[in-house]
Protein chains: 2
Amino acid sequence: MKNNCVEGRSEFNKLNEFSDYLKIIADINRLKILCLLKKGERCVCNINEPLGLRQNLTSHHLKALRDAGLVLTRRDGKWVHYRINTEKLNYLNELYNEIISRQ
Amino acid sequence: MKNNCVEGRSEFNKLNEFSDYLKIIADINRLKILCLLKKGERCVCNINEPLGLRQNLTSHHLKALRDAGLVLTRRDGKWVHYRINTEKLNYLNELYNEIISRQ
DNA sequence: GTGAAATATCAAGCAATATTGATATGATAT
DNA sequence: ATATCATATCAATATTGCTTGATATTTCAC
């Protein structure tokens, strides 16, 4: 396996996985949501209200974050609480270092 | 100035700057270009050829990277050599840590 | 100068994605 | 069971940005 970005199946997959991750967090609203969640678990209405986003738009972005595995959910009666998926984020941070930061 | 992601002019600007950066590097072709350039300076034809990209498309993405300040150029006769702007990238890596990685 | 090579620019087409408005689902309280 | 609150889904529109083809610019060799 070549250790560069052009050849090698494994590197190719990593780059695409990383690209998908970046596309998810590049959106300014999703970035704001992630920042809120970094402070702790929150229900949807405690996300859209401070950010000034419509409920359905917030729900839509949360779905994108959830589909990407970046957040986890927990239902509590009428409320659904969202939180950062720390393990996944740690893995993707490592990918960031590997692809962008190092050297 | 509040130290969170919702309020505070400075935090707002940082998030937008960070979002713009992520949008630039999220594109798979620009990501591949950055990976090539991490190995050292390259002229345009030594970028599009290994990546299998058309010349004008490569040029277009290089312009995006240059406009974002992520790469620097040096003309050498008919050739234009591109290289990573290390200072800028270091700054943005720090921003990544600040906004995403830490805690 | 003329021609050729390397790179850049531009406009048009197209695809992906964000946003909106309306509506549906799921849970609780009465 | 009905009403209400919290959240999710869907279809339509709007927007953004990638890609392409054609053409322009810059530099060098002759």
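Both backbone and side-chain heavy atoms feed into the values below; hydrogens, waters and symmetry mates do not. Throughout, a chain's letter reflects where its sequence line sits, starting with A, and its residues are numbered from 1.
Here dA5(C) presents its C1' atom at 16 Å from CD of Glu49(B), a figure rounded to the nearest Å. Atom CZ in Arg30(B) sits about 9 Å away from atom P in dG17(D), given to the nearest Å. Arg54(B) has its CZ atom 12 Å from the C1' atom of dA22(D), to the nearest Å. Note: CG (Asp20(A)) to C1' (dA16(C)) measures 13 Å, nearest angstrom. Summarising the geometry, the separation between CG on Asn46(A) and P on dT7(D) is reported as 8 Å, rounded to the nearest angstrom. For Trp79(B) and dC28(D), the CH2 to P distance is 9 Å, given to the nearest whole Å. One interatomic measurement links the two molecules: CZ of Arg74(A) to C1' of dT7(D), which rounds to 15 Å at whole-angstrom precision. Residue Ile47(B) contributes atom CD1, which lies 8 Å from atom P of dT7(C) at whole-angstrom precision.
For the pairing with His61(B), the side chain to side chain contact (heavy atoms under 4.5 Å, CB included) check across Asn48(B), Asp27(B), Ile24(B) returns one residue only, Asp27(B). Screening Leu89(B), Ile84(B), Asn29(B) for a side chain to side chain contact (heavy atoms under 4.5 Å, CB included) with Leu34(B), the sole residue that qualifies is Ile84(B). The residue from Leu36(A), Thr58(A), Leu57(A), Asn46(A) that alone fulfils the side chain to side chain contact (heavy atoms under 4.5 Å, CB included) condition with Leu51(A) is Leu36(A).
Taking for each of Ile28(A) and Gln55(A) the nucleotide of DNA chain C with the nearest heavy atom, the 5'-most of the two is the partner of Ile28(A). When each of Arg75(B) and Leu57(B) is assigned the nucleotide of DNA chain D with its nearest heavy atom, Leu57(B) is the one assigned upstream, toward the 5' end.
Looking at heavy atoms from C-beta onward, Ile33(A) lies in side-chain contact with Ile47(A) at the 4.5 angstrom threshold. Contact annotation: the side chain of Cys45(B) approaches that of Trp79(B) to within less than 4.5 Å [non-hydrogen atoms, C-beta and beyond]. Between Cys43(B) and Tyr82(B), every side-chain heavy-atom pair lies at or beyond the 4.5 Å cut-off. Looking only at side-chain heavy atoms (C-beta outward), Pro50(B) and Arg42(B) come within less than 4.5 Å of each other.
Checking dA6(C), dG21(C), dA27(C) against the side-chain heavy atoms of Lys78(B) singles out dA6(C) as nearest. Among the nucleotides dT28(C), dA8(D), dT9(C), the one closest to the side chain of Asn56(A) is dA8(D).
If you check residues 60-68 of chain B against DNA chain D, the residues with a heavy atom closer than 4.0 Å are His60(B), His61(B), listed by number.
Residue Tyr82(B) places none of its side-chain N or O atoms closer than 4.0 Å to OP1 or OP2 of dA6(C). Proximity of Asn29(B) to the phosphate of dT19(D): a side-chain N or O atom is located under 4.0 Å from OP1 or OP2.
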